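Source: prediction; values computed, not measured.
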Amino acid sequence: MYYIKETDKPSKIAEWLHIVKLENDTIILPITETSLDEKTAYKLAIKTKTILDKTNSKKLVLSKQVKQQEAYMNYLYSYNYEIVDGRWLFQMLLFDVLEYVIKKSKIKDEEIKIGILVNDISDLAIYAIQKLVTKYKYVKIVTNHIDRFRNIEEKISEEQGIFINVGNNKRKILSKTNIILNLDFPTELINRYTINSTATIINFKGNVKIKNKRFNGLNINDYEIDWKTNPHLEKFESKDVYEAMQYKNQPIEEIFKRMKRDNVTIQYLQGVKTII
């Protein structure tokens with residue numbers, strides 16, 4: 001794994017010659033806050049690739065500033081590098097995020113109405129549904145693949161005696177939910193539904209824009225964390241650093257135990273217009 005960041009004080013010569021440095025596990029680019037043009041982005045990407053080809057490393061953590069350089073990032077993606085973006089960790093923090101929203105919004109237990117938007121039957125999705133339907137009275141599963149979720153529905157009903165509501169009525173199913181956990185619906189799909197105008201939507205997989213002008217709730221697309229031994233690398237986002245350190249191919253319960261031992265906490269959630 002390698003970190004990529006901008007230099008503190010780029011010299012004019014370094015900028016002109018596109019000098020890319022390697023210090024331990026960190027690649028340093030001669031860039032400032034301005035956006036890179038296509039030609040410069042390509043040259044820096046090629047030099048970055050030359051360095052990484054010698055290390056046989058594919059996982060990268062980019063600084064906040066480097067993440068703003070879209071052209072440069074696109075070249076890295078085209079070279080098949082894995083750029084850590086905190087999205088996997090966001091999904092693993094689903095229960096923490098939900099509790100954080102409930103606490104910050106001061107929603108009473110009896111008023112909590114949850115909608116889960118999901119099409120992909122992942123281990124996390126199944127685990128989350130099973131846990132949430134046992135803890136909260138009002139949980140609705142919204143999916144375009146109702147048949148795929150029938151087995152899960154029947155299993156929960158048989159093992160836990162709990163009926164879960166699985167449906168896809170675009171006009172009604174989300175009209176009363178006040179917390180929407182969007183596991184994998186993209187912008188185009190979620191905007192086909194009638195959504196409670198004051199709901200809080202948490203988009204775990206990617207940024208989503210709500211196009212309904214009457215919507216004045218919270219649309220959460222990003223977050224930040226803290227943890228027990230956080231090195232607080234100034235130029236990097238803590239969520240990216242922590243995610244990069246994790247071994248993803250292990251049972252979900254083990255991941256949760258690790259996060260608990262590390263005392264991972266939500267620092268804030270980033271909405272489109274506000275931070276909570």
Side-chain angles (χ1 to χ4, degrees), residues 1-3 25 55-62 80-103 112 114-136 139 141 143 145 148-149 151-162 164 179-185 202-206 220-233 236-270:
M1 177 180 72
Y2 279 79
Y3 296 86
D25 61 352
T55 67
N56 198 31
S57 178
K58 284 291 184 180
K59 182 184 289 187
L60 305 175
V61 182
L62 309 186
N80 295 317
Y81 290 118
E82 176 191 349
I83 299 176
V84 178
D85 60 6
R87 284 293 170 183
W88 173 85
L89 180 62
F90 200 17
Q91 295 174 72
M92 293 299 115
L93 288 167
L94 182 147
F95 300 106
D96 301 82
V97 171
L98 177 57
E99 290 179 7
Y100 184 91
V101 167
I102 291 171
K103 182 178 179 180
I112 298 171
I114 299 172
I116 304 175
L117 311 186
V118 55
N119 278 322
D120 180 25
I121 306 178
S122 65
D123 290 341
L124 175 62
I126 295 172
Y127 184 91
I129 290 170
Q130 290 177 321
K131 292 292 183 180
L132 293 174
V133 297
T134 58
K135 185 173 182 178
Y136 301 100
V139 179
I141 314 302
T143 180
H145 306 294
R148 295 183 188 178
F149 283 86
N151 291 337
I152 302 172
E153 184 180 9
E154 292 172 4
K155 182 179 179 181
I156 293 175
S157 178
E158 292 174 2
E159 295 180 357
Q160 303 176 34
I162 298 173
I164 63 173
I179 299 177
I180 297 173
L181 307 176
N182 179 16
L183 299 190
D184 57 23
F185 276 30
I202 306 107
N203 303 298
F204 291 94
K205 204 68 175 287
I220 306 297
N221 283 314
D222 208 349
Y223 72 108
E224 184 56 294
I225 64 164
D226 200 357
W227 77 91
K228 185 167 56 178
T229 57
N230 190 345
H232 293 290
L233 301 177
F236 297 84
E237 293 181 290
S238 294
K239 62 179 183 179
D240 295 345
V241 176
Y242 186 81
E243 178 177 310
M245 296 164 54
Q246 304 312 305
Y247 175 60
K248 300 178 182 180
N249 295 323
Q250 59 180 317
I252 291 174
E253 289 283 8
E254 292 302 315
I255 296 172
F256 290 154
K257 287 178 183 178
R258 171 69 183 274
M259 292 193 300
K260 187 174 183 179
R261 288 196 301 269
D262 291 341
N263 193 26
V264 178
T265 56
I266 304 297
Q267 190 179 117
Y268 64 80
L269 296 178
Q270 176 70 62

For Tyr223, is the NZ or CZ atom of Lys239 found under 6.0 angstrom from the centre of its six-membered ring and inside 45 degrees of the ring axis? yes
Looking at every non-hydrogen atom in both residues, tell me the closest pair between Phe256 and Met92 and how far apart they are. CE2-O, 3.0 Å
SB check Arg87 Glu243 (cutoff 4.0 Å): no
Report yes or no: does Gln130 contribute a side-chain atom to a donor-acceptor pair with the main-chain N or O of Ile156 at less than 3.5 Å? no
Nearest 0.5 Å, what's the CG-CG distance between Asn221 and Asn203? 4.5 Å
With a 4.5 Å heavy-atom cut-off, do Trp227 and Met245 have their side chains touching? yes
Could you give the distance from CG (Leu181) to CD1 (Ile141), rounded to the nearest 0.5 Å? 9.0 Å
Separation between CD of Gln270 and CD1 of Ile220, rounded to the nearest 0.5 Å: 7.5 Å
Report, as yes or no, whether the 6.0 Å neighbourhood of atom NZ on Lys59 holds more than 12 heavy atoms from other residues, nucleotides or ligands. yes
What pairs of donor and acceptor atoms, side-chain ones from residues 258-265 against any protein atom, are under 3.5 angstrom apart with sequence neighbours left out?
residue: Arg258; atom: NE; partner: Asp262; partner atom: OD2; Å: 2.8
residue: Asp262; atom: OD2; partner: Tyr242; partner atom: OH; Å: 2.7

For the CG atom of Leu269 and the OH atom of Tyr100, what is their distance to the nearest 0.5 Å? 5.5 Å
Does any part of the side chain of Asn230, heavy atoms only, come nearer than 4.5 Å to the side chain of Val241, both counted from C-beta? no
Only distances under 3.5 Å count here; give the side-chain donor-acceptor pairs of residues 114-128 to other protein atoms, sequence neighbours excluded, each with its distance to 0.1 Å.
residue: Asn119; atom: OD1; partner: Thr143; partner atom: OG1; Å: 3.0
residue: Asn119; atom: OD1; partner: Asn144; partner atom: N; Å: 2.7
residue: Ser122; atom: OG; partner: Ala125; partner atom: N; Å: 3.1
residue: Tyr127; atom: OH; partner: Glu253; partner atom: OE1; Å: 3.4
residue: Tyr127; atom: OH; partner: Glu253; partner atom: OE2; Å: 2.8

Going by heavy atoms in the side chains, are Glu237 and Glu224 under 4.5 Å from each other? yes
What's the spacing between Leu183 CG and Ile202 CD1 if we round to 0.5 Å? 10.0 Å
Is there a side-chain contact between Ile255 and Trp88 in this structure, where contact means two heavy atoms from C-beta onward sitting under 4.5 Å apart? yes
Other residues, nucleotides, ligands: >12 heavy atoms within 6.0 Å of Lys103 NZ: no
Could you label the plane-to-plane angle of the Phe204 and Phe90 rings as parallel, tilted or perpendicular, counting under 30° as parallel and over 60° as perpendicular? tilted
For a 4.5 angstrom cut-off between non-hydrogen side-chain atoms, does Phe149 reach Ile164? no
Hey, could you give me the CE/OG distance between Met1 and Ser57, rounded to the nearest 0.5 Å? 8.5 Å
Hey, are the side chains of Leu98 and Leu132 touching, using non-hydrogen atoms and a 4.5 Å cut-off? yes
Please examine the side chains of Leu62 and Tyr81, heavy atoms only from C-beta on, and report whether any two atoms are closer than 4.5 Å. no
